[in-house]
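To find a chain, count down the sequence lines: A is the first, B the second, and so on, and within it residues start at 1.
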Protein chains: 2
Amino acid sequence: MSTADRKARDKENLKALILQGAKKLFLEKGIEQTTIRNIADEIDYSVGTVYVYFKDKNAILHDIHTIGFQELGGSFTELFTIEDPMDRLRKMGIFYMKFAIENSEMYDLMFNVKAPMEFIEHSEKEEWNEGVGTFNALKNTVAQCMEKGHFKGHSLEPLSFMIWGVVHGMCCLEIRQRTKGVKFSKPETILMDGYHEFLKIIEKL
Amino acid sequence: MSTADRKARDKENLKALILQGAKKLFLEKGIEQTTIRNIADEIDYSVGTVYVYFKDKNAILHDIHTIGFQELGGSFTELFTIEDPMDRLRKMGIFYMKFAIENSEMYDLMFNVKAPMEFIEHSEKEEWNEGVGTFNALKNTVAQCMEKGHFKGHSLEPLSFMIWGVVHGMCCLEIRQRTKGVKFSKPETILMDGYHEFLKIIEKL
DNA sequence: TTATTTTTTTGAACAACGTTCATTAGTTTG
DNA sequence: CAAACTAATGAACGTTGTTCAAAAAAATAA
């Protein structure tokens, strides 16, 4: 029985090794410039081996997108020590945007690249657990704000989605080079400046 | 002199024909599933001819992204008959989101796909005129709102960028399948519901 | 018209991609 | 030690974007 155990462990290890190699190359030279052959080379295995452990490229991209959500979740943990939900909400946006900018390739994979969602579609997974979890962290915080009397006259889910939209939209425009295109007067700070405009607005609600 | 003129005209016509074929295929089967060979087949020319008229695939994608901005601009024209800037701003968002959802492949190309910006980078074009123009339409309207006494204590450019972010972010999440993933209670209307939350908020400013 | 030059179009060929699968190498079991 | 099984391999396939010598067509000159 122990040999079978070790084999299962080896399989998991090699799977993890492939993901680690893939992630390294993604961060180094971008997702689109990374090929299966690159990944195989990086960890000194053949292309064929990669396909033994992963159905296709989408499967690799999906698993790395999941690692991204673990990392984002990790950077969120300290937020849950903040008692005041409004304060937590404000900082949550900062953390989210910071993550997006400092890990733009990973953020792109998590929220823009089509592969992870295509993988979920064509597998027995029924839900985007990674996204649901992160969105719930936001929704719960907004709900607590409402319990404390903020956001009167607003609906929880649409409001939470709109807040997600603000931060995501601005990060997205930055990552996909659209902010660079319009030449703001203060391009270095436009993201945070934009977010602070949003904070000023919800402050009063 | 007239033969030279006709030749120049013919060149322009064939260039337009290629773009027309490319656009048709993009809308039919998506940008990623459309190949240069597909485009050449569609208009009964050879692959080589496409490369006589366009440097590479990025050049085609860029030119179609420009057509997209013309279409978006067209749908904006009737907005400028609206006198009240706040009213115009509200409707501008509706038009923008409507365009994004009804022309999602085109919207994606305009604001998410990397190719058009890469083309601008590697060409003598110094600015993203298409994006600048559209952003200015928003910025000017926000400026008029401020002149009328709205948005006190806010800065024009960051505020305009934030508003762009809200609508873009929500459309983006929808187009890249992330709203589908989180299973909202009312998925059919979440985009407009989210936008109306935003309208409720800026109403008071 | 006919010959020559110029322009336009062509598609075979190339390198690189994701993916497959018969074959080989290695390990475990009887 | 041999048989049975498992894991790893890399050549090969079909497609992709792209190139470029050659062919076809058109314009010009005689």
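Relative to the side chain of Val47(B), the nucleotides dT10(C), dT19(C), dA12(C) differ in distance, and dA12(C) lies closest. Of the candidates dA7(D), dT8(C), dT10(C), the closest approach to any side-chain atom of Lys11(A) belongs to dA7(D).
Under the side-chain hydrogen bond (donor to acceptor under 3.5 Å, both in side chains) criterion, Lys125(B) pairs with His62(B), Glu130(B), sequence neighbours left out. Not a single ring pair (Phe, Tyr, Trp, His ring centres under 6.0 Å) links Tyr45(A) to another residue, sequence neighbours left out. Checked against side-chain hydrogen bond (donor to acceptor under 3.5 Å, both in side chains), Arg88(A) has the following partners two or more places apart in sequence or in another chain: Thr141(A), Gln144(A). Residues forming a side-chain hydrogen bond (donor to acceptor under 3.5 Å, both in side chains) with Glu121(B) (at least two apart in sequence, or on another chain): Lys180(A). With sequence neighbours left out, the side-chain hydrogen bond (donor to acceptor under 3.5 Å, both in side chains) criterion links Glu102(A) to Lys98(A).
Residue pairs meeting the ring pair (Phe, Tyr, Trp, His ring centres under 6.0 Å) criterion with at least one partner in residues 177-202 of chain B, sequence neighbours excluded, are Phe135(A)-Phe184(B), Phe161(A)-Phe184(B). The side chain to side chain donor-acceptor pair (under 3.5 Å) analysis of residues 69-82 of chain B, with sequence neighbours excluded, yields the pairs Lys23(B)-Glu71(B). Note on residues 156-170 of chain A: pairs passing side chain to side chain donor-acceptor pair (under 3.5 Å), not counting sequence neighbours, are Tyr96(A)-Trp164(A), Tyr107(A)-His168(A), Lys139(A)-Glu157(A), Glu157(A)-Ser185(B).
Contacts between residues 12-20 of chain B and DNA chain C, defined by a heavy-atom separation below 4.0 Å, involve Leu14(B), listed by number. For residues 35-42 of chain A, proximity to DNA chain D is found at Arg37(A), defined as any non-hydrogen atom under 4.0 angstrom from a strand atom.
Within the structure, every side-chain polar atom (N or O) of Thr49(B) is placed at least 4.0 Å from both OP1 and OP2 of dT9(C). One finds a side-chain N or O of Tyr53(A) lying less than 4.0 angstrom from the OP1 or OP2 phosphate oxygen of dA8(D).
Atoms CD (Gln33(B)) and P (dG17(D)) sit 11 Å apart, rounded to a whole Å. Atom CG in Asp56(A) sits about 9 Å away from atom C1' in dT19(C), given to the nearest Å. Between the CZ atom of Phe54(A) and the C1' atom of dA8(D) there is a distance of 16 Å, given to the nearest Å. The CG atom of Asp44(B) sits 11 Å away from the P atom of dG11(C) (whole-angstrom rounding). In this structure, CZ of Arg9(A) is placed 14 Å from P of dA7(D), rounded to the nearest angstrom. Put simply, CD on Glu32(A) is 13 Å from P on dG17(D), counting in whole angstrom units. Rounded to an integer number of Å, the gap from CD1 of Ile43(A) to P of dA8(D) is 10 Å. One atom, CD1 of Ile60(A), and another, C1' of dT19(C), lie 12 Å apart when rounded to the nearest Å.
If you take CD on Gln33(A) and CG on Leu25(A), they are separated by 11.5 Å, rounding to the nearest 0.5 Å. The CD atom of Glu203(A) lies 8.0 Å from the NE2 atom of His150(A); values are rounded to the nearest 0.5 Å.
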Could you run down the sub-3.5 Å N/O contacts of the protein with nucleotides 21-23 of chain C?
none

For residues 169-176 of chain A, run the donor-acceptor check on the side chains, cut-off 3.5 Å, and write out each pair with its distance to 0.1 Å, sequence neighbours left out.
from: Glu174(A); atom 1: OE1; to: Thr179(A); atom 2: OG1; distance (Å): 2.7
from: Arg176(A); atom 1: NE; to: Asp108(A); atom 2: OD1; distance (Å): 2.9
from: Arg176(A); atom 1: NE; to: Asp108(A); atom 2: OD2; distance (Å): 3.3
from: Arg176(A); atom 1: NH1; to: Asn112(B); atom 2: O; distance (Å): 2.6
from: Arg176(A); atom 1: NH2; to: Asp108(A); atom 2: OD1; distance (Å): 2.9
from: Arg176(A); atom 1: NH2; to: Asp108(A); atom 2: OD2; distance (Å): 2.9

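The residue among Thr34(A) and Val52(B) whose nearest nucleotide of DNA chain C lies closer to the 5′ end is Val52(B). Positionally, the nearest nucleotide of DNA chain D for Ser46(A) lies more toward the 5' end than for the other of Ser46(A) and Asn58(B).
Under the 4.0 Å criterion applied to side-chain N and carboxylate O atoms, Glu12(A) and Lys15(A) are not assigned as salt-bridge partners.
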